[in-house]
Each structure stands twice: as C-alpha cells, then as structure tokens.
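Protein chains get the first letters and strands the later ones, always in sequence-line order, with residue 1 at the start of each.
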Amino acid sequence: MISSNILESLNPQQAAAVTSDRRATLILAGAGSGKTRVLTSRIAWLVRSGEVSPHSILAVTFTNKAAREMLTRISTLLPINIRGMWVGTFHGLCNRLLRIHHREAGLPETFQILDSADQQALLKRILRGMNIDEEKSPAREIGWFINAEKEQGRRAGAGDVSDPMVERWSEVYLRYEQQCVREGLADFPELLLRCFELLTGNEDLLAHYRSRFSHILVDEFQDTSRLQYQWLKLLAGERSSLCVVGDDDQSIYGFRGASAQNMSDFQTEFGAHVIKLEQNYRSYGAILDAANALIRNNPHRLGKELWTSQGRGELLRHFEAADDSEEASYVVEEVKRLRDQGVELSQMALLYRSNAQSRVLEHTLFSSGLPYRVYGGLRFFERQEIKHALAYLRLVANPGDDAALLRVVNIPARGVGARTLELVQQAALDQGISLWEAARARPPSGKAGAGVAGFVSLIESLRAQAVGQGLAGIAEAVVERSGLKALYQAERDGADRVENLDELVNAAATFEADTHSLTEGDPEAPPRGVTLADFLAHAALEAGDNQAEAGAQALQLMTVHASKGLEFEAVFLCGLEEGLFPHENAVNQESGLEEERRLMYVALTRARHHLYLTSAEARMLHGRSRYNQPSRFMAEIPAELVERIAKRPPRWTSHTATPSWAGNARAAAASPAQSAGAPGSAWRIGQNVLHGKFGPGVIMDAEGRGLDARVQVKFRDVGVKWLALEYAKLIPA
DNA sequence: GGAGACTGCGTTTTT
DNA sequence: CGCAGTCTCC
C-alpha cells in the first residue's frame, strides 16, 4: 500500500483520525497530541489514496502562520503538486472567493480591506459627520456592535430597534455600510458575511463549490465563530466530508467571538464520529497531571485526559516572591541556572497574563544581561510609515478611497489643513461624490488649493505611471515620489522608517514573484495576473510578523495567549495572583472564570520538562502597589506535584559594584554583533559610562531590545538623554 | 500646522 | 507608572 508510510509511527487514535471515512469527524486533540501532524497526514492520505484530488481539498486555519506551516508539512509528505488545494484562513479564503466573484458579490474588483484600525478611523469620521458625542458613543464600542451584528448575519437597518441607544448605533451602522459601499471597502467580518451571502444567493456558485470541495478540514475548530461555522456548513452541503480538529479545553478566544459550542453542535448536528487524541508527546507526567487536575474544575467539557508514556519528570516549582522585582530576579537566576545546565535560552519562555507585566521583567532581564525577545507589539504592515505608503497605493488602485485620501493628503505636509479639508468634504457631501472627485473638480482657491492640486496631480501621475508596471515598481514610485521617504530621511529617528519603506518595496517584489495568480489551478475562473489589489489585500490580511530576529538565542517573553501552539523546555509562568490570573474582570462570570482556567491550562501544557510558577505578594500596578492573594488556580493543582521554593537568601543589591560581570555576561539585547561597541560588553542600570561627546554619566533606565535597545543616561554635564545603543558609542567607565 | 502640555485610563488579539 | 490621545498655544 503506497500510503502505509504516512501511517507509520502514528498511534492507533491518530491513525484512525487520519483514515476516518465518515462524513463528519471530530478530532478532539489535546495539547501536544500531534494534531497538526494528524491533519496534514490526513490530507496526504486522502490524496495518496488516489480517490481525492488536491483540487477537492479545502483546509481552513486560524492564522496565516498555521496555513503556511500546513502547506510546508504537506509538501514534505507529498512530493506532488499541491496547487489547486485551497489552504488558508477563513478571511483569506473568503477574500479569494470574493475577488474571483466580485461581480456576483456586488463588490468592485479592487475592493479594499479595512483592518481594525482603518475601521475605527472610518467610524470616527462618520460619528463626527453625524455630530454624535464620542464620549457617549465611542467608536470602539460601535465598531464592536457592528462587528457583532455582522457576525449574527444582520445587515444594517434589519434589526428591530426598541432601545434608543441601539437605534442610534444602527443608524451609524447604516451610514458606515453606505460609506463602505461608496468607497469599495470591506472590513474583516464583512469578508465572511459577504462571502456567506455570495454563496447563499447564488445557487450555481454554491453547487459548484460544494461539488468541488468534497473534503473540508478545519484546524483549531474551538476558535471558530458562529458565522464561520455557518459558512462551513453551507459550503459542506449534504455531501462533502468535514473533518475538524480542536480542543475545547484550549478555547481561549471566547472574548472575540469564538464559540467552543460549535464543537458540541457539530457533534449533534452531523452525528460526528469523535476521536480523542489523549496521548501527549510533549510534557512529563507531573506537568500533565497538574494540567488535568486543574482543568477538571471546569464543568461542561467534552472530556479528555492527557497521558504520557514518559516518566513523571520534575515536580513543578512554585516561588512566592515578596514583590514583582523579586519575582523577576528569581526568574533570572533560574534561567541562568538552566542555561548553565545546557538548556538553550530559546527553549525557555516567560509567560504572563497581560502585557503590562512584561515591563518589570524586561527591566530585570536587561540589567542581568540575559538576551530576551518579546513577542507582540506592532507588526510590519501596521507601522505608521507602512500604512501611509499603503494609503498611497490604495489611492493608486482606487482614488475613490476617501479613507486613504484623508490619511495621506497632508503627509508629507502640503498645507492641507482641517479647514481646507472641510471645504472639500462639504463639496463631496453636497454633490454625493468622493473626496477625490471633489478635490479634483474644484480645488479650493489660494494657498491651500495649491496643496490639494499638488496632491491631485501627484496621485494622477502615480496612477499613470503604474499602468503596465510591476508591483515593486509601483511601490517604489509611491515611496519615492510621495515624499514619504524624504520625510523620514529628514527626521532624526527616521532611519528605521526609511528602512521599512524600502522593505515594503521588497515585500511587493517578493509577493509578485511568489504569487503566480490568485486563480491558479482554477480552470473555471478567468485567468488574471497579480494585481495591486491582491497585494493590498495581502497586507491587510497578513499584517506580518510581530517580532524580529527569529531563532535568536534569546529567552522568549509573551502573553499566555501568544504561547498557544508553542512548546518549550522550560516555562516560567509569572504573576499567579488573584486579580491578575484569573484576571479581575473575568472572575465575576462563570464563563469568564472558565476561560481563565483554560488559559492556565494552555500555559501549563506549554512546558516539556521544567515548569516554574511564580507569584508576588506585592506588585506595582497602575502606579501603586497592590497586594494580592495567590491565584486560586495554584490551589487547584495537587500539592504533591509542586515543590515550594523557599524565599531566597538576601539578594546582593544592584548597587554594589560588580565590575566583573560586565565583562563576562553577554547582553545580546544591548550588543548586536555588528555594533561598534566592544563585543561582550554589557549595560546595566546604575552603570557609569563615558560618551565621546557628552562626557561621563550613569545609566538610569533602559528599554527595547536588540537593535532597538536604548538607555537613558544622566550625564554629569549635559543632563539626561536617551541614547540608542546601536549608534551611541558608549564606553563602560 | 506642529510641538509640547495635559488628561484619563489601564485583559487577552487574529483577520 | 506609562502611554495614547486630545488640547492649546505659538
């Protein structure tokens, strides 16, 4: 049997999941049970069996990263052409369908995707236009309302409005919709709903895709929203096979609409065949016992218990610190100890419930000279300069995009201020035309008019130049001729931004080279090349990595949410206190507390060997000290699995001179290999330094990491300054 | 139009 | 406490 090697080394449950021939299969996959492997093996199995063409397979994931990983793993299993297989996120797949069938969907060919920030900005604009007090109805809340309505499948003006508040919000929803239609925009939930409506409204289209995708697979099914589940059911129809993988115990995104109830609904509605993957290949026994015991406190589970054939391993360790900085110091010591034992830094993770906790930890890490890497923060396509450049690109694709115009009409400054814009906006409103048309038809007179006219001719010229040009060429023209690059070149701290703009041109070139065609492998769809709209959609749907220097030898810092799906030799889970974890906002609701517990479960199951739990009696939060009880979750872990670590002997203070360590500790955060500074040197708070121009000083504070690392130095003669370590040639003194 | 002071707020986050 | 977003003054 040609497929036998795919099944080799799978356990019986995994093999059953891979080969299940039932129409509906629910794979209940515990943490570390090899679920991605099962999913990819199943796809390979289906194709290898010869009965299923890659063309008939639709695989849905939650993140682009997961989609990429799935594709990579499938190609190692299947040395054949996997083109024609559709693998992507819900949003990515919906975008694809909407692009191909934009006419039937009632969208312009070059419709743009609004990310959450764009949506917010548009809403603010509309609220201002309606004279609604933003204090009483914040754009955030209305956006949340609109997204929830779309999630329910409700269009603007469709609901019954009795509540005056809801009535007002519905009015905003209506205006927002109209504006989106006018400008050719679709927000994230719109992609899903519009695609759903496209299929429900077109029998032929629906029949086509139903018969095409005979095999639908879904990863992280516990994270699907109700609408996404509806979409899946619609596409599956009466015949297609549906194989979904998920873990109700790892459902931690309820707050943004995920509904683990889809799992039990799937079970009852489809009579799904349930396969449980409970053998864990990641963690030692004590860790799994702790996780099992904890999660047992949640009622309403589908039921599942992890086990391992490995031994019990080390006990968990609980360190209760007096305060947050002692907690951090303890972590640093243990990290160093493990590193000396041979555990790689990149195999250690520091997890916390909320981002605010990272500051103290980072501070201590920086002083200790341990290299570390923080996940989270701004991603490439979310950066200001990139969003500006994208706005120009959007205008090239579609000058009727008011949002894009408003964003950059005066960036770089062209003397187009609020007053001038008001005139243009009024003209657009009066005549029911776009801002672009209004600006072009009758630019305001005087100095301001010159700015508007200049902008109009710039965009027109860019549009003319774009015809027949490649993506990279268009991007380059925009970056250069818009004046954006020059703007940042003139800024003192603009070097990174200039670099990012160049990187955008590279990204466009890469996208052009890698993406052959959206409709590739779709003989029934009209062939077309890669367009600017495709690239812009890519930018909106995949905002890029939010951390640089992957693979670096550095301790990994992230929220528990961000750690889902990852694994580490050693995990440090910090801030295990009531109010923090479980978070105070979640403890009043049963469902909230259960989600917190699942979050704790996720955190525990990240660790392979070493699992440290830490809490602090006192903690600085929002500028004041708070005294917390240890987390109730600590009490839910059997005491015999936990070794309590006694408080440490009095610490050496950070004020004592420790000239020796500056030489031996390697602060990767502070000393990029290519930096001009002495290799192997390190910086810490309180250290005396010498600067070529500013003279002697002492380091007061530090922030950032890698190439972004900056220190605050109090100079004897010239006062306090922030210096980028990469550029400032500081000398330890 | 832009820099600097001021205010208020403060989970988790992908698309 | 630290940040982001707003306001105010030049």
Side-chain angles (χ1 to χ4, degrees), chain A residues 60-67 88-95 113-121 124 134-135 138-140 144 147 150-151 186-192 195 220 223-225 227-228 251-258 324 351-360 362-363 375-379 381-382 384 410-421 447-448 451 491 537-546 558-565 575 579-587 592 595-596 598-600 602-603 619-626 701 703:
Chain A
V60 194
T61 61
F62 262 80
T63 62
N64 293 295
K65 195 175 150 211
T89 62
F90 279 103
H91 296 269
L93 294 165
C94 287
N95 173 56
I113 298 169
L114 286 182
D115 67 19
S116 317
D118 298 333
Q119 183 188 44
Q120 210 84 287
K124 279 192 177 166
E134 259 231 58
E135 298 278 280
R140 260 193 326 124
W144 185 79
N147 291 350
K150 292 191 182 185
E151 168 64 33
D187 57 34
F188 286 130
E190 182 69 28
L191 292 174
L192 294 171
C195 187
E220 305 277 19
D223 287 338
T224 44
S225 71
L227 179 59
Q228 286 165 340
S251 164
I252 56 173
Y253 287 111
F255 70 93
R256 65 173 198 218
D324 44 1
L351 308 183
Y352 34 82
R353 172 69 240 263
S354 65
N355 286 306
Q357 286 168 257
S358 79
R359 190 173 300 128
V360 182
E362 280 190 72
H363 209 268
Y375 284 69
L378 266 198
R379 288 134 79 206
F381 286 111
E382 289 168 356
Q384 181 204 96
N410 199 35
I411 294 176
R414 297 184 176 88
V416 184
R419 279 207 83 75
T420 317
L421 268 181
K447 200 171 61 182
E491 248 174 39
H538 164 79
L541 289 173
E542 183 162 3
D545 284 342
N546 52 11
M558 66 192 85
T559 62
V560 179
H561 280 93
S563 77
K564 194 173 139 211
L580 250 188
F581 199 0
H583 196 275
E584 55 194 343
N585 298 353
V587 292
E595 184 149 313
E596 294 290 302
R598 292 192 290 269
L599 197 53
M600 178 77 179
V602 166
R619 174 179 303 277
M620 259 314 225
L621 203 65
H622 304 331
R624 62 179 63 194
S625 279
R626 286 184 30 162
D701 199 0
E703 66 168 30

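Along DNA chain B, the nucleotide nearest A:F90 and the nucleotide nearest A:L599 are compared for position; the residue whose nucleotide lies closer to the 5' end is A:L599.
For A:Y253, taking side-chain heavy atoms from C-beta onward, the closest of the listed nucleotides B:dG2, B:dT15, B:dT13 is B:dT13. Of the listed nucleotides (B:dT14, B:dG10, B:dT13), B:dG10 has the atom at the smallest distance from the side chain of A:H622. Checking B:dT13, B:dG1, B:dT15 against the side-chain heavy atoms of A:H91 singles out B:dT15 as nearest. With C:dT6, B:dT12, B:dT11 as the candidates, the nucleotide lying closest to the side chain of A:F255 is B:dT12. Between B:dT15, B:dT11, C:dG2, one nucleotide has an atom nearer to the side chain of A:R353 than all others, and that is B:dT11. Minimum atom distance to the side chain of A:R256 is reached by B:dT13, of the listed B:dT15, B:dT13, B:dT11. Comparing B:dT13, B:dT15, C:dT6 against the side chain of A:T559 picks out B:dT13 as the nearest. The side chain of A:K124 has C:dT6 as its nearest neighbour among B:dT15, B:dT12, C:dT6. In this structure, of B:dG1, B:dT14, B:dT15, it is B:dG1 that holds the atom nearest to the side chain of A:A413.
Rounding to whole angstrom units, CZ of residue A:F381 and C1' of B:dT14 are separated by 16 Å. With rounding to whole Å, A:N147 atom CG is found 18 Å from B:dT13 atom P. In this structure, A:N355 atom CG and B:dT11 atom C1' are separated by 9 Å, rounded to whole Å. Note: CE (A:M600) to C1' (B:dT11) measures 17 Å, nearest angstrom. In this structure, A:R140 places its CZ atom 14 Å from C1' of B:dT13, rounding to the nearest Å. Distance, A:E596 CD to B:dT12 C1': 8 Å, rounded to whole Å. Per the geometry, CG belonging to A:L621 stands 14 Å off C1' belonging to C:dC3, to the nearest Å.
The existence of a salt bridge linking A:R359 and A:E362 is excluded, since no basic side-chain nitrogen approaches an acidic carboxylate oxygen closer than 4.0 Å.
With rounding to the nearest 0.5 Å, the separation of CG in A:N585 from OG in A:S354 is 10.5 Å. Atom-to-atom distance recorded for A:F255:CZ and A:L599:CG is 9.0 Å, nearest 0.5 angstrom.
C:dA4 and B:dT13: their P atoms are spaced 15 Å apart (whole Å).
When every heavy atom of A:A139 is checked against every heavy atom of A:K124, the shortest pair comes out as CB-CG, 3.7 Å.
Anti is the glycosidic conformation of B:dT12, whose angle departs from 0 by more than 90°.
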